[in-house]
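Input: a single structure, listed below in structure tokens.
So that the names make sense, note that chain A is the first sequence line, chain B the second, and so on, each numbered from 1.
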Number of protein chains: 2
Amino acid sequence: MPSSAGPATEPAVDHRKGPRRRGEELERAILQATLDELAETGYAALTMERVAARARTGKAAVYRRWPSRAQLVLDACKLGKISDVDLPDTGELRGDTLALLRHMAITMASPLGGIMRGLLGEMTRDPELAELIRERVHTVRPSMVHVVLERAVERGEVEPWVLTSRRATVATDLLRNQFLLFGAPVPDEFIVDVVDDIYLPLVLNPAPGSGSGSGSGSG
Amino acid sequence: MPSSAGPATEPAVDHRKGPRRRGEELERAILQATLDELAETGYAALTMERVAARARTGKAAVYRRWPSRAQLVLDACKLGKISDVDLPDTGELRGDTLALLRHMAITMASPLGGIMRGLLGEMTRDPELAELIRERVHTVRPSMVHVVLERAVERGEVEPWVLTSRRATVATDLLRNQFLLFGAPVPDEFIVDVVDDIYLPLVLNPAPGSGSGSGSGSG
DNA sequence: ACGTTAAAGAACGGTCAGTTCTCTAAATGA
DNA sequence: TCATTTAGAGAACTGACCGTTCTTTAACGT
């Protein structure tokens with residue numbers, strides 16, 4: 001305790017902040033700061049330094065928990081996840097699919113779109129991270145496709161083998177491709193075209209002479 | 001190699017390099033250095049500093065010509081472009097399409113794949129650059145799709161309106177999506193599945209009852 | 001020969017990545 | 001209650017790279 005005239009090492013004001021956060025509380029604060037930074041500056045401009053500053057902590061506390069920017073962002077997104085979405089049952093496959101694609105298009109036009117794009121870019125750098133990203137993109141989204149298709153199967157609109165064929169995800173795949181290449185917003189005309197000219201013909205009509213390679217389902 | 005005890009300010013060896021490159025010669029050297037760096041370390045790890053060093057020049061000479069890393073890489077790729085490819089005419093659409101997709105898959109598994117991924121990630125940062133990237137990705141590649149489809153039209157395999165419909169690029173779009181999500185190498189099984197289960201049914205069969213919104217189904 | 005242009009290359013101020021200090025507040029346990 | 005352990009705050013630090021600017025000098029044009 002250098003109460004006397006410390007030459008230079010003395011920190012002037014020494015009463016640090018009041019309550020010091022720890023453990024889970026601090027963790028949530030960091031994740032929230034990450035979400036705020038993402039919304040404000042986007043994925044590309046996000047830095048660990050700014051996140052730490054925004055959470056009113058130090059970089060060390062951040063690095064103690066997450067090894068990289070991408071991992072941090074990935075966890076933050078999990079926190080801010082929109083629930084599984086309330087896709088209304090419109091009574092026919094066309095309406096359900098349009099609703100699903102439009103919902104995705106809106107998401108892509110939000111800051112989440114830039115995050116998705118940025119994370120895809122990082123897959124080259126870190127193969128381990130790539131696995132995590134794929135899980136989120138491939139597991140979360142197509143589950144909604146599955147729901148929509150299962151309804152259609154129950155209605156008799158669609159034959160069951162379509163569920164496990166590559167045709168099932170063509171609409172969402174094409175939408176994702178469009179977004180990655182041309183950015184947001186995705187014109188509604190594109191969505192309607194894909195559904196009417198490509199997707200519905202593929203899943204409503206039994207493959208003419210197709211070997212019904214359905215068995216090859218990706219699994 | 002400073003044999004004598006040079007004090008400090010003296011540059012020891014002062015006869016600068018022999019022939020000093022200028023203008024176009026230097027430009028090509030920089031682009032070549034960029035290609036070498038890309039092949040060696042990939043897009044993500046490429047820095048202007050390393051490119052300049054590899055080209056045995058200074059950063060200033062690089063920045064005098066290109067405003068950003070992405071622009072430089074884009075130009076370097078133009079240099080190293082594989083010619084328009086010799087897509088063999090296999091006599092039927094299926095063979096031509098398989099050849100085209102397999103060629104693309106090989107490209108994606110090369111360093112060029114990582115470059116493509118990295119550039120797509122930068123589209124968020126710089127909208128002006130995004131335009132350039134789109135031109136290359138969307139103009140160069142689908143031109144090959146067009147060639148393949150035109151042959152099929154001449155053979156009578158495909159109706160002309162397909163050329164301008166969204167169906168035309170479905171195969172390449174799905175391949176690109178697969179690569180961006182799951183990386184390389186793209187399994188050949190995927191390519192065959194896409195062609196047989198999705199692409200050929202779409203372009204070979206006149207849309208059954210489809211409004212054929214694209215072209216007024218002339219035939 | 002002379003002036004203009006531009007390359008070589010060092011240096012600079014700046015940002016950020018990660019790491020490693022010290023100091024101190026909170027939790028823990030006897 | 002007090003001593004010990006744990007971990008956050010925050011700064012310092014090394015190191016990479018960015019983009020700019022400076023000086024020196026080679027190449028080029030007239």
Side-chain angles (χ1 to χ4, degrees), chain A residues 1-3 6-34 37 41-73 118 122 125-126 129, chain B residues 2 6-34 37 41-73 118 122 125-126 129:
Chain A
M1 318 289 266
S3 59
T9 54
E10 199 175 9
V13 180
D14 50 28
H15 65 279
R16 309 282 176 111
K17 303 291 143 45
R20 180 182 282 185
R21 297 158 303 177
R22 287 174 77 92
E24 201 173 327
E25 184 188 357
L26 180 59
E27 185 163 325
R28 276 188 295 105
I30 294 172
L31 289 174
Q32 186 56 51
T34 305
E37 279 293 307
T41 66
Y43 178 84
L46 181 136
T47 71
M48 300 296 249
E49 221 147 20
R50 288 176 63 84
V51 167
R54 182 162 216 149
R56 298 215 134 271
T57 183
K59 279 190 293 181
V62 180
Y63 278 107
R64 206 172 294 133
R65 292 170 168 79
W66 295 275
S68 74
R69 182 174 73 135
Q71 302 260 357
L72 170 62
V73 168
E122 304 247 354
R125 243 189 270 246
D126 184 351
L129 171 72
Chain B
T9 54
E10 198 175 4
V13 180
D14 50 26
H15 63 280
R16 310 281 178 111
K17 303 294 137 46
R20 180 182 283 187
R21 296 157 303 179
R22 287 174 76 91
E24 199 173 329
E25 183 188 358
L26 180 59
E27 185 163 326
R28 277 189 295 104
I30 295 172
L31 289 174
Q32 186 57 50
T34 306
E37 278 294 307
T41 67
Y43 178 83
L46 181 137
T47 71
M48 301 297 250
E49 222 145 20
R50 287 176 63 84
V51 166
R54 181 161 216 150
R56 300 214 133 273
T57 181
K59 280 189 295 181
V62 179
Y63 278 107
R64 205 170 296 131
R65 293 171 168 78
W66 295 276
S68 74
R69 181 176 73 135
Q71 302 260 355
L72 169 63
V73 168
E122 304 246 353
R125 246 190 269 250
D126 183 351
L129 171 72

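Following rounding to the nearest Å, Leu26(B) (CG) and dG9(C) (C1') show an atom-to-atom distance of 13 Å. A straight line from CZ of Arg22(B) to P of dA26(D) spans 12 Å, rounded to a whole angstrom. Whole-Å rounding puts the Gln71(B) CD to dC18(D) P distance at 15 Å. Summarising the geometry, the separation between CD on Glu27(B) and P on dA7(C) is reported as 10 Å, rounded to the nearest angstrom. Whole-Å rounding puts the Met48(B) CE to dG9(C) P distance at 18 Å. Between the OH atom of Tyr63(A) and the P atom of dT19(C) there is a distance of 7 Å, rounded to whole Å. In this structure, NZ of Lys59(A) is placed 9 Å from C1' of dT19(C), rounded to the nearest angstrom. In this structure, the CD atom of Glu25(A) is 17 Å from the C1' atom of dT6(D), given to the nearest Å.
Arg20(B) contributes no side-chain N or O that forms a donor-acceptor pair with the base of dA8(C) under 3.5 Å.
Here the CD atom belonging to Gln71(B) is positioned 10.5 Å from the CD atom belonging to Glu122(B), to the nearest 0.5 angstrom. Remark: Leu26(A) CG to Arg56(A) CZ distance equals 13.0 Å, nearest 0.5 Å.
Using a distance-only test at 3.5 Å, with no hydrogens or angles considered, no donor-acceptor pair links the side chain of Arg54(A) to the main chain of Gln32(A).
The residue among Arg69(B) and Ala60(B) whose nearest nucleotide of DNA chain D lies closer to the 5′ end is Arg69(B). For the pair Gly23(B) and Glu49(B), nearest-nucleotide mapping onto DNA chain C gives the more 5' position to Gly23(B).
For dA7(D), the OP1/OP2 oxygens have no side-chain nitrogen or oxygen of Arg65(A) closer than 4.0 Å.
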Could you walk me through whether Leu72(B) and Ile30(B) satisfy the side chain to side chain contact (heavy atoms under 4.5 Å, CB included) test, starting with their C-alpha distance in whole Å, then the side-chain angles of each, then the deciding distance to 0.1 Å, before giving a yes or no? CA-CA 9 Å; Leu72(B) 169 63; Ile30(B) 295 172; 4.2 Å; yes
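Residue Arg21(B) is classed as a sugar-phosphate contact, given heavy-atom separations below 4.0 Å to backbone atoms only.
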